[in-house]
Amino acid sequence: MITRFAPSPTGPLHLGHAYSAMLAHDMAMAAGGTFILRMDDIDRVRSKPEFEQQAIDDLHWLGLSWPTPIMKQSRSEPRFRANIQKLAQMNMLYPCSCSRADIENAASAPQEGVPTHGPDGRIYPSTCRHRVMADFQEGDAIRLNMERAVARATPLPHYEETGARYSGTRQLDARDMITSIGDVAVARRGMAAAYHLAVVVDDHAQGITHIIRGEDLFEATRIHVLLAHLLGHPIPVYHHHRLIRDDTGKRLAKRDDARAIAKYRADGATPNDIRRMVGLPAI
Ligand code: GLU
């Protein structure tokens, strides 16, 4: 079993991150496997070296260890480009110049029973779908033509979920992928890859067998399974865990500095105090 914790170093780690990282570490250790730390720093503007160092310090303090040197996604760009090339050769990508405002304006008026938003945000209204990769212009995003992708990926893969909300085998559904997800971006303006492609490519490069992360990514997982299948990767097992919430029931965000691990450390908490706070057994 190889698990990973892959924070984006865009803010301090909080209790939710601590839970995710410790759970992935505990599960790997219990199975005699390996826990990997990766820095998902593809967002060059928001990622900061000081957050990366602080995350490493906090995770060591929590008692976690991992093989070094760690992988940084900002260095994976050649691999992202190679995989985009592969999908382009299957003729299922197109360049897209739409801004957020263009997408909002082009989106049709809501119709009953037709979703407007999916796990990748506003479902793209396919404005640029007629374009071909040969027309790619500097500053374009790159999108997956979902209809072609599911046609190519048929029979659609099954995958295993072991999380809190659902445990069992799930299978991708073609209609559902088209209507509730749509043409997701695999690369964003000025970036070699968008989140979905980046995690799939690097999880494969690192041989991750079990993906343990928050249930906010439960639905987006279908995009990851589809991409992995198209790229010919084995599909990992997914475990989506409950989210750690604040006293009002809202899930914690990076800006919740009050729950930053560093803050608890400064206040004299021990790693076992943190484990108890997030509902993990003390060790
Ligand atoms: N870097 C991503 C994040 O910080 C990882 C999410 C995932 O587990 O795929 O949310």
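Both ligands and their constituent atoms are indexed starting at 1 by order of listing.
- One finds no salt bridge joining Glu215 and Arg242 here, because no Lys/Arg side-chain nitrogen approaches an Asp/Glu carboxylate oxygen to under 4.0 Å.
- Atoms of ligand 1 found under 4.0 Å from any heavy atom of Val199 (numbered from 1 in listed order, with element): 9 (O).
- At a heavy-atom cutoff of 4.0 Å, ligand 1 is contacted by the side chain of Arg4 but not by its backbone.
- Contacts between Ile211 and ligand 1 below 4.0 angstrom, taking non-hydrogen atoms only, are absent altogether.
- The pair Arg129-Asp183 counts as a salt bridge, with a side-chain nitrogen and a carboxylate oxygen less than 4.0 angstrom apart.
- Two residues are said to be in side-chain contact when any heavy atoms from C-beta on lie closer than 4.5 Å; His204 and Leu231 fail this criterion.
- When each atom of ligand 1 is checked for a heavy atom of Asp40 under 4.0 Å away, the hits are 1 (N), 2 (C), 5 (C).
- Using a 4.0 angstrom heavy-atom cutoff, Tyr195 counts as in contact with ligand 1.
- With hydrogens and angles disregarded, a donor-acceptor distance shorter than 3.5 Å links the side chain of Gln73 to the backbone of Ala198.
- One finds no salt bridge joining Asp41 and Lys48 here, because no Lys/Arg side-chain nitrogen approaches an Asp/Glu carboxylate oxygen to under 4.0 Å.
- Ranked by closest heavy atom to atom 2 (C) of ligand 1, the top entry among Ala24, Ala6, Pro9 is Ala6.
- For ligand 1, the atoms sitting less than 4.0 Å from at least one non-hydrogen atom of Leu217 are 6 (C), 7 (C), numbered in the order shown with element in parentheses.
- A heavy-atom separation below 4.0 Å is not found between His224 and ligand 1.
- Figure legend: cation-pi geometry between Arg259 and Tyr264 absent, as NZ or CZ is not positioned both under 6.0 Å from the six-membered ring centre and within 45° of its axis.
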